[in-house]
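Just so you know, ligand 1 is whichever comes first in the structure, and atom 1 is the first atom listed for that ligand. Being a predicted model, the structure only gives us computed values, none of them experimental.
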Amino acid sequence: MTNTQSFLFPRNTATRSTISLDGIWQFKLDPNASGEENSWQNELEDSSPMTVPSSFNESIDDYDYAGDYWYEKKVTISNLLKSQRLVIRFGAVTHRATVFINGIEVGQHEGGFMPFSFDITDYVKFGYENTITVKGNNELSHTTLPTGQVFFDAAGVKRVRPYFDFFNYAGINRSVYLISEPQNTIRDYSTTYELKGDKSIVNYSINLSESDNDNLSLKVSLYDKNNNLVADSDGLSGKLSVSKAHNWSPDSPYLYKIVIQLTDNSTLIDEYIDFIGIRTIEVMGDKILLNGQSIYLKGFGRHEDSQAFGRGTNLAQQKQDFHLMKWMGANSFRTSHYPYSEEIYQLADEIGILIIDEGPFVGLQELSNPFLGSTGEIKEMFFDQPKTTTELLPYHIQMVKDLIDRDKNHPSVIMWSLFNEPDTSTDSAVPYFKKIFETAIESDPQKRPRTFTLYGKQGVTDSKTYQFADVIALNRYYGWYSEAGTNLSDAAVELHRDLDEWKNSHINKPLIFTEYGADTLNGYSSVNGEMWSAQFQQRYYALYHKIFDEYPFVKGEQLWNFADFKTTEGIMRVGGNSKGIFTRDRQPKPIVYDLKDRWTSLPNNYKANK
Ligand code: GCB
């Protein structure tokens with residue numbers, strides 16, 4: 001029973017073969033959590049079909065179901081795969097999974113947004129039909145990420161109360177692969193970059209699954225877009241020197257192919273192929289520097305959310321979203337509030353979109369947001385509760401490591417977001433933050449800037465942890481959740497007050513807005529520009545942008561949200577959150593054209609000289 005622990009994306013190479021298990025699986029809910037007792041791992045009787053990848057919620061009667069659920073797929077595994085190790089890999093099962101092969105448990109995984117894999121060689125019958133079964137569960141607690149609560153409704157039915165504002169979609173949300181690979185594999189690799197005039201250096205480092213064999217050697221080759229070899233080197237770590245390198249940027253997302261070959265006395269043992277972009281990213285004073293040049297972020301907070309798929313990978317939707325972003329002159333987004341499907345980062349690498357990569361670190365403040373279901377039962381602040389440090393912190397640390405391990409080689413990833421809207425008002429938050437921020441910098445070979453988002457009015461005076469961020473990120477809703485109303489003058493005063501406080505604090509760091517927005521009911525117009533109307537959304541953004549332009553240290557604007565999205569029902573949600581500038585099916589609200597005008601005229605290096 002081994003979790004192979006490699007986050008490398010499945011690729012077909014000279015030594016590796018990947019077989020997709022996406023498609024139709026069998027599905028069944030298990031409200032009494034009695035599936036295992038009843039041997040469902042052997043045979044899932046009375047099941048119904050379910051498509052993978054997708055969330056099951058949109059395809060069942062009780063879309064709000066909480067508890068265990070089961071998937072099963074029968075598949076004949078070819079004799080041809082016998083000579084190598086066989087691994088099963090799930091892109092994500094939300095929020096936890098136990099995997100069985102032919103009724104025998106092969107492993108468990110916690111966390112609904114990360115890939116995991118198990119070596120199943122000893123469990124399969126080659127040449128015969130095999131039964132792959134997954135027992136999933138979508139419950140949340142104080143010590144899961146994201147956080148939430150389980151309760152029973154008046155009818156005695158188990159429900160989940162998320163401490164976050166997106167629907168708790170669950171199931172096998174991402175692709176499943178069978179991977180045939182050698183015993184001794186290239187387990188991981190990483191790169192860092194030095195741009196030196198005409199020559200750029202790619203420093204690489206490789207990790208093998210077994211390394212105690214003296215006969216093994218490694219070769220690393222780098223190819224340009226035309227498949228010309230531009231540099232090569234030997235050994236577990238080394239330098240690739242590239243003359244006249246094409247640096248990666250949103251305007252020129254040039255990718256090189258990296259080929260890593262492991263040989264034993266000149267016999268090829270393993271080969272891994274990937275695509276990298278040569279670029280640097282750092283923070284200097286109040287600037288974010290991409291390849292040494294100041295960059296201004298224009299874009300969005302988003303969700304992986306689409307009709308029918310729920311949170312399931314929907315690549316066509318992603319491609320359309322990226323097309324719309326580019327069309328509007330946007331250059332970036334944040335993976336609010338969890339790591340997205342790996343294919344999204346690959347597309348961003350190719351298309352040239354910058355990503356603030358956020359883990360599922362949301363809901364670390366259950367006392368507030370009553371409209372999200374907070375009952376007020378919990379009297380102790382989040383970080384004051386002992387289990388936050390004893391149970392959640394070690395898991396959070398592991399998740400930060402895993403996120404960075406998975407995404408560190410993407411040129412599109414320029415920053416890590418380590419919390420969304422935590423409660424930072426108590427002293428008890430400080431040691432927790434310190435650990436998390438240290439973990440990120442230690443885990444990332446490229447030492448990317450780290451951030452987290454501050455909510456409400458939390459700022460210099462009342463946040464105990466803002467100093468940990470390399471880039472200050474604000475989620476602000478002046479004019480919506482506070483100072484609300486058609487007359488936005490109070491909102492303007494508050495936004496100025498807020499930014500003046502940051503200015504006077506002399507923090508000398510870049511500050512970006514990672515959320516600001518107003519719910520807008522598509523098609524609702526109002527001469528007076530009332531809240532929920534298209535006109536309100538337009539006036540709201542016009543105000544914010546005018547004020548952003550007055551402050552040189554504001555180095556980015558990522559509005560909330562790219563598209564309307566599904567949430568838990570509630571008195572402030574009409575069919576979900578309506579702060580999208582596009583509807584859920586990606587029709588533009590009028591604001592889209594205002595933003596397109598602004599962003600196509602603001603250069604990527606806006607405020608470089610301020
Ligand atoms: C926030 C949260 C986001 C919500 C948003 C809203 O501050 O970070 O998850 O969806 O506000 O619209 O209330």
Counting only heavy atoms closer than 4.0 Å, does ligand 1 sit against the backbone of [X], its side chain, both, or neither?
| X | result |
| --- | --- |
| N561 | neither |
| W560 | side chain |
| T453 | neither |
| Y477 | side chain |

- Item | NZ/NE/NH1/NH2 to OD/OE distance under 4.0 Å, E557 and R598 | yes
- Using a strict cut-off of less than 4.0 Å between a Lys/Arg side-chain nitrogen and an Asp/Glu carboxylate oxygen, indicate whether K158 and E139 qualify as a salt bridge. yes
- The one among R573, E515, M572, R334 that brings a heavy atom closest to atom 2 (C) of ligand 1: E515
- Query: Is the shortest distance from a heavy atom of Y481 to ligand 1 less than 4.0 Å?
  - Reply: yes
- Sub-4.0 Å heavy-atom approach of F164 to ligand 1: no
- Message: Applying salt bridge (Lys or Arg N to Asp or Glu O under 4.0 Å) as the test, list every pair that has at least one member in residues 339-355; sequence neighbours left out.
- Response: R89-E342
- Query: Looking at the rings of F562 and H303, which for Trp means the six-membered one, are their centres under 6.0 Å apart?
  - Reply: no
- Message: So that I know where these two stand, are Y541 and F548 an aromatic pair - ring centroids less than 6.0 Å apart?
- Response: no
- Task: Would you name the heavy atoms of F333 and I344 that are closest together and state the gap between them?
- Result: CZ-CG2, 4.1 Å
Could you tell me, atom by atom, which parts of ligand 1 come under 4.0 Å of a heavy atom of [X]?
| X | result |
| --- | --- |
| N420 | 8 (O) |
| K579 | 6 (C), 12 (O), 13 (O) |
| N475 | 8 (O) |
| F565 | 10 (O) |

- Donor-acceptor side-chain pairing of N577 and T567 below 3.5 angstrom: no
- Passing candidate, ring pair (Phe, Tyr, Trp, His ring centres under 6.0 Å) with W532, options Y540, W480, Y524: W480
